[in-house]
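Indexing begins at 1, ligand by ligand and atom by atom, following the structure's order. Bear in mind that the values here come from a model prediction, so they are computed numbers and not experimental data.
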Amino acid sequence: MTKILMVCLGNICRSPLAEGILRSKLPSNGFAVDSAGTAAYHIGSAPDQRSVAVAKKYGLDISNLRGRQFEVEDFDRFDLIYVMDSSNFKNVVKLARNDNDISKVKLILNEVHPKKDFEVPDPYYGGDQGFENVYNMLDEACEIIAKKVTN
Ligand code: 4NP
């Protein structure tokens, strides 16, 4: 079983999209995908309506997902922890207990552009185009991740 966690700040915009996209590219047998936020603002919340809408546009239903906060036990539960930006990276690594924990944490766009440390921009305060942009970035990254983990 390969277990993959997607992490952003609020767990309502970027990481629920990443969760839905990656899940749609993997067989349900042998893989688990989840998401979490580093902040506690949106625990129990459904994804932002704009994330739900852009996912729906591309045939994915993420409306049943609910926000939760990243916790230290997630280092034990997951093999790979993909973060959206360097602030998420810093906040997750802060909770790491050892080098093995840290080695699981990766900036998701480094799968597309190795070692460039590009970030998935936070679309929360922007318009719908920001969500479309985020969707396309995550779709490209998740395609690569899905190929990697199923090989
Ligand atoms: P996310 O976006 O990290 O992609 O879920 C955000 C959602 C909410 C907030 C910030 C970012 N907020 O400040 O409430």
Side-chain angles (χ1 to χ4, degrees), residues 2-26 31-97 101-146 148-149:
T2 304
K3 291 169 278 185
I4 302 169
L5 183 67
M6 300 296 188
V7 176
C8 63
L9 174 61
N11 193 210
I12 56 165
C13 297
R14 292 166 293 178
S15 60
L17 269 178
E19 176 185 347
I21 293 167
L22 183 61
R23 185 175 291 126
S24 76
K25 294 178 188 294
L26 289 173
F31 295 92
V33 186
D34 192 14
S35 64
T38 59
Y41 319 133
H42 300 286
I43 293 172
S45 301
D48 188 286
Q49 276 311 311
R50 295 163 295 178
S51 283
V52 173
V54 76
K56 189 173 176 193
K57 176 178 164 186
Y58 290 102
L60 301 178
D61 181 4
I62 62 165
S63 63
N64 60 331
L65 303 182
R66 293 295 177 267
R68 74 168 180 91
Q69 190 172 22
F70 181 85
E71 55 191 6
V72 68
E73 291 79 10
D74 287 320
F75 287 114
D76 301 321
R77 296 184 188 120
F78 295 93
D79 305 298
L80 288 165
I81 299 170
Y82 283 109
V83 297
M84 303 294 131
D85 64 33
S86 56
S87 165
N88 308 150
F89 189 91
K90 196 179 64 193
N91 286 319
V92 169
V93 164
K94 219 188 279 170
L95 296 175
R97 300 153 299 183
D101 286 355
I102 294 172
S103 73
K104 296 181 176 186
V105 189
K106 297 165 193 305
L107 275 169
I108 192 166
L109 292 185
N110 278 350
E111 296 291 349
V112 184
H113 309 282
K115 299 185 181 163
K116 296 281 194 199
D117 293 350
F118 291 156
E119 303 185 307
V120 181
D122 184 346
Y124 189 61
Y125 294 105
D128 290 344
Q129 189 53 43
F131 284 75
E132 180 80 26
N133 183 39
V134 163
Y135 186 95
N136 287 310
M137 288 176 161
L138 292 175
D139 190 60
E140 190 179 14
C142 288
E143 189 69 30
I144 293 168
I145 294 167
K148 242 187 194 177
V149 299

Numbered atoms and elements of ligand 1 in range of Y125, under 4.0 angstrom, heavy atoms:
13 (O)
In terms of atom number and element, which parts of ligand 1 are under 4.0 angstrom from non-hydrogen atoms of Y41?
12 (N), 13 (O), 14 (O)
Can you list the ligand 1 atoms lying under 4.0 Å from a non-hydrogen atom of L9?
3 (O), 10 (C), 11 (C)
Of all protein heavy atoms, the one nearest atom 1 (P) of ligand 1 is C8 SG, 3.4 Å
Give me the nearest non-hydrogen protein atom to atom 5 (O) of ligand 1 as residue plus atom name, then the distance to 0.1 Å.
C13 N, 2.9 Å
So for H42 against ligand 1, with non-hydrogen atoms under 4.0 Å, the contacting part is side chain
Salt-bridge contact E71-R77 (side-chain N to carboxylate O under 4.0 Å)
yes
Report yes or no: do N88 and D85 form a side-chain donor-acceptor pair below 3.5 Å?
yes
Do the side chains of K104 and D74 get close enough for a salt bridge, i.e. N-O under 4.0 angstrom?
no
Side-chain donor/acceptor of D79 to backbone N/O of K3, under 3.5 Å:
yes
Considering heavy atoms of the protein only, find what lies nearest to atom 11 (C) of ligand 1 and give residue, atom and distance to 0.1 Å.
D122 OD2, 3.0 Å
Is there a polar contact between ligand 1 and N11, counting only N or O atoms under 3.5 Å apart?
yes
Assign the ring pair Y58 / Y135 to parallel, tilted or perpendicular, where the plane angle (0 to 90°) is split at 30° and 60°.
parallel
Check: G10 N/O within less than 3.5 Å of ligand 1 N/O:
yes
Begin from the C-alpha positions of K57 and D128 and carry the test salt bridge (Lys or Arg N to Asp or Glu O under 4.0 Å) through to its verdict.
CA-CA 12 Å; K57 176 178 164 186; D128 290 344; over 6 Å; no
Any salt bridge between D139 and K25, counting N to O under 4.0 Å?
yes
Once you restrict to heavy atoms under 4.0 Å, what part of F131 touches ligand 1? Side chain, backbone, both or neither.
neither
Is any N or O atom of I12, backbone or side chain, closer than 3.5 Å to an N or O atom of ligand 1?
yes
Keeping R50 on the side-chain end and G130 on the backbone end, is there a donor-acceptor pair under 3.5 Å?
no
